[in-house]
Amino acid sequence: MDKIVSLCKRRGFVFPGSEIYGGLSNSWDYGPLGVELKNNIKNLWWKRFVQTREDMVGLDAALIMNPKTWEASGHLNEFTDPLVECKECHTRFRINEHWSDKVWWDLARYLAQESLSSKEREEAVQDALKVCPQCKAKGKFTVPKNFNLMFKTYVGVAEGKADTVYLRPETAQSIFVNFKNILDTTRKQLPFGVGQVGKAFRNEITPGNFVFRTREFEQMEVEYFVREKEWKKWFEHWRGEMFEWIKEIGLDTKSIHEYEHPEKDRAHYSKKTIDFEYDFPFGRKELYGLSYRADFDLKNHEKASGADLRYTDVNSERFICEKCGAEKLFKYPPGVSEKIGGARAKMSSMTIKPGKCEKCSGKYVPENKFWPHVIEPSLGVDRSFLAVLVSAYTEEPVKSNDHGPGTEMRVVLKLKPQLAPYKAAVFPLLKNKPELIKLAHKVYDDLRKHFLVAWDDRGNIGKRYFSQDEIGTPYCITVDFDSLKDKTVTLRDRDTMKQKRVKIDDLKEILHRQLFG
Ligand code: GAP
């Protein structure tokens, strides 16, 4: 990790946040190359999951929402971590992170007894947690408190309860709150999903491991709305899609492990959650999550807001058997379903006869309004960024051209070309030859209209190659004296280090093909 953090600082991927003021605990700023890599990840995700899918639309909602949102979503009450502080060194710990599940659950169950005296509580905590992981002090813990992870702030000038708002802890809720708007404006029919990329904020007790856990981060989330009976099928669909995505950004699937949360550890809204864990240098940790949120969110927002957040099935009439719950879908006669938007009135005059239940002869009753169920693939941008860097970072011995015989190490980021900040770098062979500079600049300017391209005329060519390898630039283009005669250049491949002569006129096409297939 140290090597990656140092490379990120040295080459402008990630800087410590507010550095000149001594930083701010585990906050990070993405530098000129970092912002490109991060944007490339987000753009690839947006293209793959929103723009190229017929069943998806996008959203970019406000970060600060009406605080009733967080009451209805359960975040005000449930989005908490158990926290203790060591009275000796004043370090705070999330119990569920530093002690085993069993220790925490046994303690939590014990402390839940209201009849306990404060002495009994105090003793139970010291018995269970024993030694401070930081300073090794014994028996110095505070009694655990539940700590809400949402950042509180105020709107307007007053700082009272009425003006309290929260920075969103997940992007998901604005999708649920906009469900009706999206339905009304897009006329999407189930199954369909809404994707959103944006910032989320959590007052994490123990941020750390570079950009892995921070208090301000970005998520790429899909809320995918389905019929309840189809949730398993769509859960599997998104599970597969997440694997495809992991491959697309160049992570080795052998480093990915699925972990299904036991019921007691699931978030309050979830009926099933799988984490996709990745072998980071600091251990196997959650990269992404996939949850089945059922109809928890839409139902609760409807209850709290009074807005009708049910989905109306316009193309088929759904009937449920009163006796056994069997479902039957009535298909409109040909030609009717297309006009159905304006023809709901007609429905009453149409004689829909679902007949008796085939299973139990019970009576079918119509049910065409319901809360769709939700499958949620939730991906962290910053964790994607880190995993991409970790898996792309390579050190390999190469024959040294510059320092006589022998080998030296080159650091190369073997990024997928689509993700690389620069797609190519252009070099004039020599810095002091105006005719070379002129032609190289023309190549650079022409390519820059289509791709992000670097320019480098410092030092020798070997050093320039190494410098571009270190930031993952897939191709280096050198303009030399032959270029002046035959309008060709040397194209050098980052991974193989092989070089070939290509025509200047073909460069755009070659790069395009290599980048986008
Ligand atoms: N809407 C569901 C949700 O937010 P989550 O598992 O809490 O679920 C989803 O978060 C993803 O967001 C995680 O898998 C991770 O990639 C990212 N994430 C969560 N907390 C983070 C943090 N403090 N710093 C960086 N990324 C984080």
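Atoms within a ligand are numbered from 1 in the order they appear, just like the ligands themselves. Along the sequence shown, residues are numbered consecutively beginning with 1.
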Do the two ring centres, one from [X] and one from [Y], sit under 6.0 Å apart?
X    : Y    : value
Y292 : W238 : no
F201 : Y166 : no
F141 : W99  : yes

> Is the backbone N or O of L149 less than 3.5 Å from a side-chain atom of H75, with the two atoms forming a donor-acceptor pair by type?
Replying inline: no

All N/O donor-acceptor pairs, side-chain side in residues 61-71, below 3.5 Å, sequence neighbours left out:
| residue | atom | partner | partner atom | Å |
| --- | --- | --- | --- | --- |
| N66 | OD1 | K68 | N | 2.9 |
| T69 | OG1 | N66 | O | 2.6 |

In terms of residue, atom name and distance, what is the protein heavy atom nearest to [atom]?
atom                    : answer
atom 18 (N) of ligand 1 : F217 CE1, 3.6 Å
atom 8 (O) of ligand 1  : Y269 OH, 3.8 Å
atom 14 (O) of ligand 1 : E286 OE2, 2.5 Å
atom 12 (O) of ligand 1 : Q219 NE2, 3.3 Å
atom 16 (O) of ligand 1 : L287 O, 2.6 Å
atom 24 (N) of ligand 1 : T214 N, 3.1 Å
atom 17 (C) of ligand 1 : G380 CA, 3.8 Å
atom 25 (C) of ligand 1 : F212 O, 3.1 Å

>> Looking at ligand 1, would H261 count as a contact under a 4.0 Å heavy-atom criterion?
In response: no

> Under 4.0 angstrom from ligand 1, any heavy atom of F276?
Replying inline: no

Heavy-atom contacts with [X] under 4.0 Å: which atoms of ligand 1 show up? List them by number with element.
X    : result
Y288 : 14 (O)
G289 : 14 (O)
E221 : 1 (N), 2 (C), 3 (C), 4 (O)
E170 : 1 (N), 2 (C), 3 (C), 4 (O)
R213 : 23 (N), 24 (N)
E376 : 1 (N), 2 (C)

Pair up each side-chain donor or acceptor in residues 128-138 with any protein partner under 3.5 Å, not counting sequence neighbours, and list the distances.
| residue | atom | partner | partner atom | Å |
| --- | --- | --- | --- | --- |
| K130 | NZ | D127 | O | 2.8 |
| K136 | NZ | P133 | O | 3.0 |

> How does R202 reach ligand 1, by side chain, by backbone, by both or by neither, if only non-hydrogen atoms under 4.0 Å count?
Replying inline: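 For R202, only side-chain atoms sit under 4.0 Å from ligand 1.
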
> Where does E218 meet ligand 1, judged by heavy-atom distances below 4.0 Å: at the side chain, the backbone, both, or neither?
Replying inline: neither

Side chains of [X] and [Y], heavy atoms from C-beta outward: is any pair under 4.5 Å?
X    : Y    : answer
Y259 : I274 : no
R383 : F276 : no
V374 : D297 : no

>> Given E248, which partner from the list R48, K416, K47 fulfils the salt bridge (Lys or Arg N to Asp or Glu O under 4.0 Å) test?
In response: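 Passing option: R48.
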
> Which option, S378, G208, P377, owns the non-hydrogen atom nearest atom 11 (C) of ligand 1?
Replying inline: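 When every heavy atom of S378, G208, P377 is considered, S378 comes closest to atom 11 (C) of ligand 1.
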
> Does F235 have K272 sitting over its ring (NZ/CZ under 6.0 Å from centre, angle to axis within 45°)?
Replying inline: yes

>> Pair R92, E85 - check salt bridge (charged side-chain N to carboxylate O under 4.0 Å, His left out), show working.
In response: CA-CA 4 Å; R92 290 170 163 194; E85 185 175 323; 3.5 Å; yes

